[in-house]
*Asks:* 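Before I ask anything, here is the structure I am working with.
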Amino acid sequence: MDISWWQILLLTLYAGYQILDELEINSSAGSAVFAGFITGVIMGDVKAGLLIGGSMQLTILGVGTFGGASRIDANSGTVLATAFSVAIGMKPEQAIAAIAVPVASLMIQTDILARFANTYFAHRIDKNIEDFNYSAINRNFLLGNLPWALSRMLPVFLALAFGGGLVTRVVNYLNTDLKWLGDGLAVAGAILPAVGFAILLRYLPVKKHFPYLVLGFTLTALLSTIFTNVQTLGTGLQGVAKGFTGAFNSLPMLAIALIGFGLAAISYKNSLANNNRPSGPSQDSSSANNDEGEIEDDEL
Amino acid sequence: MTNSNEKQNYQLTDADFKQINRRSLFLFQSGWNYERMQNTGYLYLILPQLRKIYGDDTPELKQAMKTHVQFFNTSNFFNTIITGIDLALEEKQGAESLDAVAGIKAGLLGPFAAIGDSLFAALVPTIFGTIAANMAINGNPTGVFIWVLANIFIMVFRWKQLKFAYKEGVNLVTTMQNQMSALTDAATILGVFMVGALVATMINVHIGWQPMLGKVPLDIQNTLDMLMPKILPAGIAGVIYWMLGKKNMTSTRAIFIVLIVSIALSALGIIAK
């Protein structure tokens, strides 16, 4: 059974929609399990779609988009795996390993391309601001949807139109001769958030507050190591000792944020206390900070 | 210009909030880019309101627009909280408030990004994703719709927070004028602290290279861990921070350099994921 043109059209449109949904309204129509469901409906085998989508959903559980980091695109992987699984008659379990996972990790690259492409529109908006060209600002902003949607639509369309043979060939080639490049891109993807953090640090008054940077990093580094090790230990023990049960979670970031909040609150209270001691400060800039003993000016 | 003076007293209406909320829900991240991330999105959301506050073609408007296309990246579930506080300030104090606005944006984006990511990018998808996935594997699509339903509730919450933050922002401006700088300072402390935490958790690479000392391989990563865990991510972030301070260095260039160096170091087997 072949994939007919209207199925290709609908799946391509969905591939474009799902990334925008995930970016903006977030209705969960951009989740892997939804992708499996909708592809199953379009292809006429909801069960296979749900099985593939559900499995992919479990694979990426907890993999959020943190700080603008790219992540594997389980949705496009699910769409293609379901489509080919139903069309060729491949077992769904097999399609997950053979198509869904490799395609999902390949799509990190098109995600990165889209994020690069939008830099171009951001620069055009810089120029539009100089010219007070309001409609152009809106236009150049809205055009940013194009790279996003195309980054998913093009690969999904090409794969569906040219068939599973091409997909497996490309994936095989990338897994053998070009493995170094694939691994390298994965490492680069893991390091790229560091650029975002460095930009953020350039923007924040980091020289003034560097003790808090050191504290935030060190506390989290130590705690996350402990949590990870306990998790490894607990999971390992559960496999060996039968009566041993217990829940082992990873480090909750909210707890870290609360420590940071506490520190910020202390500094806030201290500077308020300093503010109130000399009766009636005339200027805003007179809020001296107790901890660091320096005059604060909010120049940022 | 007498006209622009008049416009400085523009007061936001419910129609304004609706417009911002619509843009936020449907279009906030369309312009996401590597260089300044959600910067154009932030401007797009409030551009009509900025034009009403400052008046078209005024130098104040240009200054405001330039302030808002600086680096910005936070959770798209909490972004309008920052927008609300910002607009309260700008509406009351005009272009004079822009320095404070930039400080508040920088201070709040980090914490809200961390809390928003923990809650909405990790926790909610984990809970509802598990439910939906488990039901789906058994051939039942109900879980998919439960997740959609949960997200509709979250959308309501996203819609409500703008006006709430705006009102709180107005209170902030009127009753807490003296405490503003202390508050801005506390917000930036939280921001800096959280970036430290993000560096320690979100850059997941390690040293893959194990040189042989005679017949014994030297586990460099383990040696580094004994010194200080996560020292490699800290080093990477430090080097990029230093690099960004160099002349003629743009963030786009930095990204390309990081990309190429990462692939090279990975191909040589020095760094692995």
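Side chains included, hydrogens not; waters and symmetry mates left out as well; all remaining heavy atoms used. Just so it is clear, the structure is predicted and the values come from calculations on it, not from any experiment. Labels below follow one simple rule: chain letters A, B, ... track the order of the sequence lines, proteins then strands, and each chain is numbered from 1.
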*Asks:* Verify the distance criterion only: is there a donor paired with an acceptor across the side chains of A:Asn145 and B:Ser30 at less than 3.5 Å?
*Replies:* yes
*Asks:* Would you mind reporting whether B:Phe193 and A:Leu263 have side-chain heavy atoms less than 4.5 Å apart?
*Replies:* yes
*Asks:* Between B:Phe128 and chain A, which part of the residue has a heavy atom less than 4.5 Å away: side chain, backbone, both or neither?
*Replies:*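 For B:Phe128, no heavy atom lies under 4.5 Å from chain A.
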*Asks:* Got a second to check how far A:Lys208's NZ is from B:Ile189's CD1, nearest 0.5 Å?
*Replies:*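 One gets 8.0 Å once the value is rounded to the nearest 0.5 Å.
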*Asks:* What distance do A:Gln57 atom CD and B:Thr130 atom OG1 have between them, rounded to the nearest 0.5 Å?
*Replies:* 8.0 Å
*Asks:* Taking the six-membered ring where the residue is Trp, are the ring centres of B:Phe28 and A:Phe141 under 6.0 Å apart?
*Replies:*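 Centroid distance B:Phe28-A:Phe141: not below 6.0 Å, so no.
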*Asks:* Given that the side chain runs from C-beta out, which part of B:Phe77 has a heavy atom under 4.5 Å from chain A: side chain, backbone, both or neither?
*Replies:* side chain
*Asks:* Identify which part of B:Asp225 has an atom lying under 4.5 Å from any heavy atom of chain A, answering side chain, backbone, both or neither.
*Replies:* neither
*Asks:* So what's closer than 4.5 Å to chain B heavy atoms on A:Asn140: side chain, backbone, both or neither?
*Replies:* neither
*Asks:* Pick from A:Phe210, A:Tyr120, A:Trp148, A:Phe34: which one has the most heavy-atom pairs with chain B under 4.5 Å?
*Replies:*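 Maximum pair count with chain B is reached by A:Trp148.
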*Asks:* Does any heavy atom of chain B fall under 4.5 Å from the side chain of A:Ser224, the backbone, both, or neither of them?
*Replies:*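 Just the side chain, heavy atoms under 4.5 Å.
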*Asks:* How many angstroms lie between CG in B:Asn33 and CG in A:Asn118, if you round to the nearest 0.5 Å?
*Replies:* 6.0 Å
*Asks:* What is the minimum heavy-atom distance between B:Ile240 and A:Ala194, and which atoms define it?
*Replies:*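 For B:Ile240 versus A:Ala194, the nearest heavy atoms are CD1-CB, 3.7 Å.
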*Asks:* In terms of heavy-atom pairs under 4.5 Å with chain B, which of A:Leu222, A:Ile129, A:Leu51 leads?
*Replies:*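 Heavy-atom pair counts peak at A:Ile129.
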*Asks:* For a quick test of reading the model, state the closest non-hydrogen atom pair linking A:Gly54 to B:Ala136 and the distance between them.
*Replies:* CA-CB, 4.2 Å
*Asks:* Counting heavy-atom pairs under 4.5 Å with chain A, which one of B:Ala267, B:Gly245, B:Ala272 comes out on top?
*Replies:*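 Option with the greatest count: B:Gly245.
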*Asks:* Pick one of side chain, backbone, both or neither for A:Thr225, based on which atoms fall under 4.5 Å of a heavy atom in chain B.
*Replies:* side chain
*Asks:* What are the two closest non-hydrogen atoms of B:Pro141 and A:Leu50, and how far apart are they?
*Replies:* N-CD1, 3.8 Å
*Asks:* For chain B, find which of A:Phe37, A:Tyr134, A:Phe261, A:Phe121 contributes the most heavy-atom pairs closer than 4.5 angstrom.
*Replies:*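 Greatest number of close heavy-atom pairs with chain B: A:Tyr134.
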*Asks:* If you look at every heavy atom in B:Pro229 and A:Ala221, which pair is closest and at what distance?
*Replies:* O-CB, 3.7 Å
*Asks:* Side chain from CB out, backbone as N, CA, C, O: work out which of these in B:Ile260 comes under 4.5 Å of a heavy atom of chain A, or both, or neither.
*Replies:* neither
*Asks:* Could you check B:Lys62 against A:Asp131 for salt bridge (Lys or Arg N to Asp or Glu O under 4.0 Å), going step by step and ending with a plain yes or no?
*Replies:* CA-CA 9 Å; B:Lys62 187 181 276 185; A:Asp131 306 337; over 6 Å; no
*Asks:* To the nearest 0.5 angstrom, please state how far the CG atom of A:Asn138 sits from the OH atom of B:Tyr44.
*Replies:*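 Reported value, rounded in 0.5 Å steps: 5.5 Å.
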*Asks:* When heavy-atom pairs shorter than 4.5 Å are enumerated against chain A, which of B:Val258, B:Thr74, B:Val148 gives the highest number?
*Replies:*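 Winner by heavy-atom pair count: B:Val148.
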*Asks:* Given side chains that start at C-beta, do those of B:Met37 and A:Arg115 come closer than 4.5 Å, heavy atoms only?
*Replies:*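 A side-chain contact under 4.5 Å is absent here.
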*Asks:* CD1 of B:Ile203 to CD1 of A:Ile191: how many Å apart, nearest 0.5 Å?
*Replies:*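 CD1 of A:Ile191 is found 8.0 Å from CD1 of B:Ile203.
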*Asks:* Answer with side chain, backbone, both or neither: which region of B:Met65 has an atom nearer than 4.5 Å to a non-hydrogen atom of chain A?
*Replies:*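 The answer is both parts of B:Met65.
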*Asks:* Using a cut-off of under 4.5 Å on heavy-atom pairs, state which of A:Ser28, A:Gly144, A:Gly260, A:Ala264 scores highest against chain B.
*Replies:*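 Heavy-atom pairs under 4.5 Å are most numerous for A:Ser28.
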*Asks:* Under a 4.5 Å cutoff for heavy-atom pairs, which residue among A:Val214, A:Ile125, A:Asn26, A:Leu20 has the most contacts with chain B?
*Replies:*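 It is A:Asn26.
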*Asks:* Is chain A contacted by the side chain of B:Met228, its backbone, both, or neither, given a heavy-atom distance below 4.5 Å?
*Replies:*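 For B:Met228, the contact with chain A is made by the side chain alone.
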*Asks:* Non-hydrogen atoms of chain B under 4.5 Å away: do they reach the side chain of A:Ile25, the backbone, both or neither?
*Replies:* both
*Asks:* Report the C-alpha distance between A:Leu58 and B:Asn134 in whole Å, list the side-chain angles of each, state the deciding distance to 0.1 Å, and finish with yes or no for side-chain contact (heavy atoms from CB on, under 4.5 Å).
*Replies:* CA-CA 8 Å; A:Leu58 290 178; B:Asn134 278 328; 4.2 Å; yes
*Asks:* When you look at NZ of A:Lys47, are more than 12 heavy atoms from neighbouring residues, nucleotides or ligands closer to it than 6.0 Å?
*Replies:* no
*Asks:* In terms of heavy-atom pairs under 4.5 Å, which option from B:Gly41, B:Ala237, B:Pro233 contacts chain A the most?
*Replies:*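 When all of B:Gly41, B:Ala237, B:Pro233 are compared, B:Gly41 has the most.
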*Asks:* Would you name the heavy atoms of A:Glu24 and B:Gln29 that are closest together and state the gap between them?
*Replies:*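 Taking A:Glu24 first and B:Gln29 second, the nearest heavy atoms are OE1-N, 2.8 Å.
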*Asks:* Step by step, work out the side-chain contact (heavy atoms from CB on, under 4.5 Å) result for A:Ser27 and B:Met155.
*Replies:* CA-CA 8 Å; A:Ser27 71; B:Met155 281 172 217; 3.8 Å; yes
*Asks:* Against chain A, label B:Arg23 side chain, backbone, both or neither, depending on which of its atoms sit under 4.5 Å from a heavy atom there.
*Replies:*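 Contact with chain A is through the side chain of B:Arg23 alone.
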*Asks:* Could you look at B:Leu47 and say if it's the side chain, the backbone, both or neither that has a heavy atom under 4.5 Å from chain A?
*Replies:* side chain
*Asks:* Quick one: pull up CH2 in B:Trp32 and CG in A:Leu23 and give me the separation to the nearest 0.5 Å.
*Replies:* 10.0 Å
*Asks:* Take atom CD in A:Glu93; do more than 12 heavy atoms of anything else shown fall under 6.0 Å from it?
*Replies:* yes
*Asks:* Is it the side chain or the backbone of B:Asn204 that comes within 4.5 Å of chain A heavy atoms, both, or neither?
*Replies:* backbone
